[in-house]
Amino acid sequence: VLNIPSLANINKLLDSLKDLDPRIEERVRIVINRYIKDSAFTLKEAEQSIKKEIYWTIPNDYHMTMSAINQGIPLYKSAPRANVTKNLGELANSLVTRGQPQKKSGKFLKFFRSNA
């Protein structure tokens with residue numbers, strides 16, 4: 001979440017990971033969950049604070065995600081057309097395709113729909 005405690009924790013975590021393996025930073029991607037465009041911090045300010053690019057943002061859709069959790073079913077079944085569902089599928093697809101963001105493909109969701 002894009003707030004001061006979370007950004008401070010990211011910095012601490014990144015420092016700890018660098019202590020374990022200095023090359024790990026190139027493999028770590030920062031994802032902002034429950035992102036709200038009108039939050040107190042901009043993405044640019046957050047990137048400056050953590051000295052790392054933000055790889056992805058997942059939009060805040062508390063109602064849809066809590067509904068899926070409470071029903072015990074995945075978002076792609078409870079709300080397949082919701083922005084948060086599409087976004088999560090795009091994130092998963094970008095990770096499967098060697099970490100290159102591909103915001104428009106949707107291959108990951110198609111895989112689950114055809115195999116569900």
Side-chain angles (χ1 to χ4, degrees):
V1 179
L2 200 54
N3 59 36
I4 290 174
S6 295
L7 293 173
N9 286 337
I10 289 171
N11 276 324
K12 290 175 189 175
L13 178 61
L14 288 173
D15 288 342
S16 295
L17 290 174
K18 285 181 215 171
D19 288 344
L20 293 173
D21 181 356
R23 297 173 297 151
I24 196 120
E25 188 172 9
E26 38 190 78
R27 296 188 333 223
V28 172
R29 303 285 184 262
I30 304 298
V31 176
I32 303 296
N33 191 25
R34 296 185 67 190
Y35 174 65
I36 301 171
K37 288 182 182 179
D38 297 331
S39 66
F41 294 99
T42 66
L43 291 177
K44 188 168 215 73
E45 290 170 331
E47 288 175 337
Q48 290 170 347
S49 170
I50 61 174
K51 300 172 188 76
K52 186 160 180 64
E53 179 183 352
I54 293 173
Y55 178 73
W56 204 272
T57 59
I58 300 170
N60 184 25
D61 194 338
Y62 182 81
H63 177 71
M64 287 289 180
T65 54
M66 286 308 297
S67 176
I69 290 168
N70 288 333
Q71 293 176 56
I73 58 176
L75 269 170
Y76 76 91
K77 284 189 176 182
S78 69
R81 293 189 176 101
N83 285 338
V84 67
T85 307
K86 292 175 187 175
N87 182 283
L88 288 168
E90 291 163 357
L91 170 60
N93 189 55
S94 78
L95 296 172
V96 170
T97 56
R98 299 184 186 255
Q100 300 301 316
Q102 296 181 357
K103 291 260 184 181
K104 300 280 180 190
S105 69
K107 292 177 191 172
F108 188 77
L109 284 177
K110 289 178 188 174
F111 170 78
F112 274 107
R113 285 188 191 124
S114 66
N115 293 314

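Basis for what follows: all heavy atoms, side chains included, without hydrogens, waters or symmetry-related copies. In this chain, numbering begins with 1 at the start of the sequence shown.
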Partners passing side-chain hydrogen bond (donor to acceptor under 3.5 Å, both in side chains) against N3 (at least two apart in sequence or in another chain): S6
Can you sort out the partners of E26 under side-chain hydrogen bond (donor to acceptor under 3.5 Å, both in side chains), two or more places apart, ordered by chain and number? none
I want to check something: taking the side chain as every heavy atom from C-beta on, are [X] and [Y] in contact at a cut-off of under 4.5 Å?
X	Y	result
Y76	L88	no
S49	F41	no
V31	I58	yes

If you take all heavy atoms of [X] and [Y], which pair is closest and at what distance?
X	Y	result
E25	K51	OE2-O, 4.2 Å
V84	P59	CG2-O, 3.7 Å
K52	I30	CD-CG1, 4.0 Å
I10	I50	CG2-CG2, 3.8 Å
L2	S39	CD2-OG, 3.6 Å
M64	A82	CG-CB, 4.4 Å

Spacing of [atom1] belonging to [X] relative to [atom2] belonging to [Y], to within rounding of 0.5 Å:
X	Y	atom1	atom2	answer
T85	E90	OG1	CD	10.5 Å
I36	D61	CD1	CG	11.0 Å
E53	R29	CD	CZ	8.5 Å
L7	K12	CG	NZ	12.0 Å
I54	Y35	CD1	OH	8.0 Å
K37	L43	NZ	CG	9.5 Å

Would the number of heavy atoms belonging to other residues, nucleotides or ligands and lying under 6.0 Å from CG of N11 be above 12? yes
More than 12 heavy atoms of other residues, nucleotides or ligands under 6.0 Å from CD1 of I4: is that the case? no
Evaluate side-chain contact (heavy atoms from CB on, under 4.5 Å) for V28 paired with I24, printing each intermediate quantity in order. CA-CA 6 Å; V28 172; I24 196 120; 4.0 Å; yes
Hydrophobic cluster membership, I32 vs L17, 4.5 Å side-chain cutoff: yes
Does N70 use its side chain to pair, donor to acceptor, with the backbone of M66 at less than 3.5 Å? yes
